[in-house]
Every structure is written in structure tokens, then in C-alpha cells.
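The next block holds one structure in the form of C-alpha cells; read it before the comments.
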Amino acid sequence: MPVEHAAIIGAGIAGLTAALALAKRGISSDIFEQAPDLAEVGAGLQLSPNASRVLAELGVLDGLTKLWLEPQSIRLISGSSLRELAAVPAGNFARNRWGAPYGVLHRKTLQKALLDAVVANPLCSLHLGIRFESDLPQGRRPADVTIGADGVWSRLRQAIPDAPAPRFSGNVAFRFTLAEAEAPGFLNRTSVSALLGSSAHMVCYPLKETDGFNMVAITAGNIAPQAWLGQPTQAQQELLQSRFRRWHPAISGLLTGRKDITFWPLFETTVGKWQDGNKTVLIGDAAHAMMPFAAQGAAMAIEDAFELSAFLATRPVGEAIALFERHRMPRIAKLRQRGAFNRFAYHASGPIRLGRDIVLSLKPPQSLAADLDWIYGYRAIG
Ligand SMILES: Cc1cc2nc3c(=O)[nH]c(=O)nc-3n(C[C@H](O)[C@H](O)[C@H](O)COP(=O)(O)OP(=O)(O)OC[C@H]3O[C@@H](n4cnc5c(N)ncnc54)[C@H](O)[C@@H]3O)c2cc1C
């Protein structure tokens, strides 16, 4: 018998989307979230058409498009010369080519839109300040399926033999925001700019909600990841300065003396089982936290939630979660490969960098877009 009621652990992007997608199919849920309120965590997010298409199906996209920015392009720029190497068209081009919009927004904007829809839906019961440890908390009724949407440090994983495990990726992110008035001219106000340099890259885009730019620098770093979301220590500051020392002074100058930079060691998960063959399944970062080199982590959480719900609505639970795992794993593996390739290309130096720059400059926009069709043109089953 298909599922009638679900327990969801975690009210992040994956958990809230799952609750809405299940409700759309008439399935009720209890969502258990450890945080006492859903505070404003995270920073900017790029949401590609494969994800925004799902949000449209769930009725939350219209509200978001009023708040987000639809960039005209994703520009790849040399970090040493500030020369534009290539630009993937977005804006109306994205709507036409991939059938849904590409937007940039603050994570809290997306989470609030999902949260408002969940709270308004009588099939969804959200329980804040309830942390799952080992036994399922009391919900409104017994659950036919338990969905672990509890992020990279998932606790529900312990219920699944051979589940993925978290590991430090060897990469660190530095984040800060730049007020519109402070932003240098090379930061285009209508585009996402990815500045590429040896061993590091920096992604910058305007956030309409904050009147400033979201800035994220990602670099290799073996500094013991003792801090999570903290102010950088002296060693972390030095790492950041050294990585950007040979970049164009307009970029390295942006980092000098800043007090508002936060440091994020980046964790990913190993490959493992996402379901127990019975009634427990992982989605989003709990199943497959990945590096942000393809900017697809939240998008995959959204696709996961939507497709899992479709399977749960039409099949017995054991069959549905096994099918979910079989169906989603190849796409996630391919995205991880794309992320690894992007890391190699973005952080290249010497002759590889020269080759990269030539190849990128010769690629027409249509060809750059065609390389992304399998990611952005994907239509989640639902
Ligand atoms: C630097 C950086 C840039 C990124 N940029 C992008 C981007 O541009 N586009 C994109 O698509 N993705 C991006 N991502 C990835 C994206 O942020 C994540 O993949 C996404 O937020 C994962 O969502 P989630 O719901 O699976 O997990 P989370 O957001 O981690 O949510 C998990 C939730 O579960 C709760 N929880 C945890 N444990 C328990 C427990 N035991 N009991 C109850 N509740 C619990 C947590 O409090 C939390 O609310 C980026 C990531 C990083 C680090």
C-alpha cells in the first residue's frame, strides 16, 4: 500500500520541500527540526531551472521571483587580469532554453517561502526544537516512512547499514558580503561572476534582498576544521591572504583587513546506501553532501524531495525507496564528477590554465549552454 503519513527529520531545504511535495499527493507529514526557530542561516544560493521548475509545481516560485534576481549571465573571469573568459547566458535565455528561471537569492528567502507554505498546509505539522537522537519523536500519527533530511551531519544515517559518512573535503570557503556602494566596477550588477585563479575561485553575485553582493571564496585548505561557521583564526586569515596574493589587486584588496569574513570548512559525504530496504530513507545533504563547485546541492535536495514523494505516492514504501535510490544515484554521481571537473578547471594554473582560457574563449554561448542541458533541463518525475 502506498504511504499515507511520513516523519521527516530536518526542516532545511530538503525537509520542507519533501513535506510540500508529499502534501501535493495527499500524504501528511510530521517534520521534526532541532532548531527552536528557523533562523537566518547560510548565505546566497544560485537556483537553477531544474530546481525552480519543481518550486513552481509546489506553488512557491511566484513569491520568490518577486524577491530574487534573475542574472543575465554567469560570467567566468580571470582572477589575474579581470578579463571575461566566457559567459553562459541566463535571464530570458534560461527561461526559453530550460523552461524555468535561473535566480539568485539568500537561502533564508527560499527557506521562508517553503516554511510559509508548509505552515499554511493542513497536511504538514512542523515541530520545532525537537532533535532526533535514536527514537522517532511523537508525531500526530505513526509514520509509514521516515525521511532523513537532517543534513551532512545526519543522525538518521545510523539507522541505515552502509550509509554515507561525512568527511572533510580538503576545501574551505570564506564568505562575506559587500555593500553595493563598496563593490568595484568589475562586479557586474546583473550577473553572477566567477573569478578563477590558481588554487582558488571566488563567486560573486548581487542579492536583491540585501542590497549588496554575496562573496564566496573557495580554496584548498588542510587547516584542521575545528571551527564551523566561525570567524577565521590567524592561520585561516593567512591562508586566505596567501591564496589571493597573486590575484589582481582589485580582488586581493577586497580581502585585506576585512573583519566580517566567516570561515566554513567544507564537508561532503562518502558514497553509501540511502535506504534500509524497509521504511527509512535519506535525501539532500544527508544522502550526498557535495562540494559547491557546480552550485547544485540545494537543487539536488529539491529534486530528491519531489521525486521521492512521487514514488511514495504510487508504490509500497520498501519498493519506493529502493527505486528512489536506483533512480537518483546516477545523476548525483554525474554531478559530483562535474563538480570535480569544475574544481580542476577553475583552480588550474600554468599551461592547464592557458589551455582552459583558450578553450573557454572559443566556446560560443550556445555551446556553453548545451554543456549544462543535462543539469538545468532535467525534469524531475512528479
Ligand atoms: C559555500 C556553499 C555554497 C553553496 N551554494 C549553493 C548554490 O549556489 N546552489 C545550490 O543549489 N546549493 C548550494 N550549496 C549547497 C546547499 O546549501 C546545500 O546542499 C543544501 O542547503 C542542503 O539542504 P538540506 O536540507 O539537505 O540540509 P540542511 O540545509 O543542512 O538542513 C538540515 C536540517 O536538519 C536539521 N537537523 C539536523 N540534525 C537534526 C536532528 N538530529 N534532528 C532534527 N533536526 C535536525 C538542521 O537543523 C537543518 O535545519 C552551497 C553550499 C555551500 C557550503
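For ligands, and for the atoms within them, numbers begin at 1 and follow the listed sequence.
Selection from Q34, H127, R175 by nearest heavy atom to atom 3 (C) of ligand 1 gives R175. Summarising the contacts of atom 11 (O) of ligand 1 with S48, A298, P137, the nearest heavy atom is found in A298. Closest heavy-atom approach to atom 29 (O) of ligand 1 among the candidates E268, R107, M300: R107. The residue among L45, D150, I9 with a heavy atom at the shortest distance from atom 6 (C) of ligand 1 is L45.
The shortest contact between atom 32 (C) of ligand 1 and any protein heavy atom is with A149 O, 3.4 Å.
Every atom of ligand 1 with a heavy atom of I13 under 4.0 Å away is listed here by number and element: 25 (O). For ligand 1 and L266, the ligand atoms under 4.0 Å from any heavy atom of the residue are 53 (C). Close approach of ligand 1 to I130 is summarised as follows: ligand atoms under 4.0 Å from at least one heavy atom of the residue are 43 (C). Within ligand 1, counting atoms from 1 as listed, the ones closer than 4.0 Å to a heavy atom of G284 are 26 (O). Short contacts between ligand 1 and G151, defined as distances under 4.0 Å to a heavy atom of the residue, involve ligand atoms 27 (O), 30 (O), 32 (C). If you number the atoms of ligand 1 from 1 as listed, the ones under 4.0 Å from a heavy atom of R155 come out as 41 (N). Close approach of ligand 1 to F32 (heavy-atom distance below 4.0 Å) involves ligand atoms 43 (C), 44 (N).
Any N or O atom pair closer than 3.5 Å counts here, and A295 shares at least one such pair with ligand 1. Inclusion of G15 in the set of residues having an N or O under 3.5 Å from an N or O of ligand 1 is not warranted. Residue A299 has at least one nitrogen or oxygen atom sitting less than 3.5 Å from a nitrogen or oxygen atom of ligand 1, judged on distance alone.
By the rule that hydrophobic residues join a cluster once side-chain heavy atoms approach within less than 4.5 Å of another member, L38 and L105 end up as members of one cluster.
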Please lay out, stage by stage, how W98 and D373 fare under the test side chain to side chain donor-acceptor pair (under 3.5 Å).
-> CA-CA 7 Å; W98 297 301; D373 282 348; 2.8 Å; yes
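The main-chain N or O of R155 is found under 3.5 Å from a side-chain atom of D150 such that the two form a donor-acceptor pair.
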